[in-house]
Amino acid sequence: MKHLILFLVFLLLLISCNSDLSSGRIDDIGLIGATIEITQNPIDIQDSRVTIDLFDKDNKSVRNDSITILVNGIETSLEYHQGLYYTDESRYYSENAPLNNIYNFEIKLSDGKKYHLGSISALSEEKIENIECDEQGDLNKNTVIKWKELKNINELTIYTSILLKTPNSNDKNYSSKDVIVKQISSTGEFIIPKSEYFDPKWTVSGFELKFTAKKFGKTNPKLLEGSKISISTLIEKNINLEKE
C-alpha cells in the first residue's frame, strides 16, 4: 500500500500543470499570459482581494520566484499553497492594495524590467439597505424582493432550498431546485408567488439571494491570448420559509 501511495504521488507530480517557465529566467513578457481577478467588498472600496494567475502558451501555470507583480505600485510575490493530493495551487495574491479608483497592475520580470499587465476601475460602493426582503418569510404569502439605486450590480441569482417530504415527519432531508438568474436594472422588484412553494414531493424551505456585479478591464496586448482582468462584488441575502 505504501508503494502504491508513493507511486500515485509521483504520478501526480509528473503530470503537474506547472509550466517549464516556472524555473529559470523570464525576460520576455510575450511568453506569458495573465488572469487577474479582483473581489471587492460592496460597501468598502478599500477592502479587496486580488489573485493573479500567470500561464504559458500551453495554458500551464507559471509560478516563478524571479517574477514580481505590482498592484498599484505595491509589490506582491508568489504565495505558496499546497492543494489536495500535493498539487501546487500557488498564486500571486494581494489584499487591500492602496486604491484611488483605479487598479493598475505591473509585472517585474527576471531582468528587473517592468511591464504593464492591465488596469481596471473600481466598482462603486453599494448600500446593502437598498436591497429589501424579509429574512423570515411566510408560506402563505408571496416572496417580494425589492432593490433601488444599485450602482454596478446588474444580476440577481436565486437559489431555492426545498424540504423533501418523507414518510417520517421527523426526518428532514433538504435538496435544491432550479436556479433563477435574472439581469436587473438599478431599481426593480421580483416576486416569487406562493403557488411555487409547494409540490407533491417537496416544500420550499428558503431562498439564497446573490446580487452580483462583474466587469472587465484591459490587459497589455503583448500578453498571450486569453489574458483578462475582471472585478466583481457580491451582496448576499437569505430568506427562511421554515417555521421557527
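All heavy atoms count here, side chains included; hydrogens, waters and symmetry mates do not. Along the sequence shown, residues are numbered consecutively beginning with 1.
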Task: Asn142 side chain to Lys194 backbone, donor-acceptor under 3.5 Å - done: yes
Task: Sidechain-backbone polar pair: Asn64 side chain, Leu21 backbone, donor-acceptor under 3.5 Å - done: yes
TODO: Kindly give the cluster partners of Tyr174, where membership spreads through any ILVMFWY side chain lying under 4.5 Å from a current member.
DONE: Leu163
Task: Under 3.5 Å: donor-acceptor pair, side chain of Lys165, backbone of Asp199 - done: yes
Open item on the list: Donor-acceptor pair, distance only, cut-off 3.5 Å: does the side chain of Ser161 make one with the backbone of Gly206?
Closed with: no
Open item on the list: Between Glu106 and Gly73 (side chain of the first, backbone of the second, donor and acceptor by atom type, cut-off under 3.5 Å), is there such a pair?
Closed with: no
- [ ] Could you verify whether a donor N or O on one side chain and an acceptor N or O on the other, from Gln136 and Asn240, lie under 3.5 Å apart?
- [x] yes
Open item on the list: Strictly by side chain to side chain donor-acceptor pair (under 3.5 Å), give each pair with a member in residues 212-233 just once, sequence neighbours left out.
Closed with: Ser121-Lys215
Open item on the list: Just to verify, which of Ile38, Val71, Ile45 counts as forming a side-chain contact (heavy atoms from CB on, under 4.5 Å) with Leu99?
Closed with: Ile45
TODO: Evaluate the ring planes of Phe211 and Trp147, with Trp represented by its six-membered ring, and classify them as parallel (under 30°), tilted (30 to 60°) or perpendicular (over 60°).
DONE: perpendicular
Task: Transitive ILVMFWY cluster of Leu224, excluding itself - 4.5 Å side-chain cut-off - done: Phe55
Task: Tyr92 and Asp53, any side-chain heavy atoms less than 4.5 Å apart - done: no
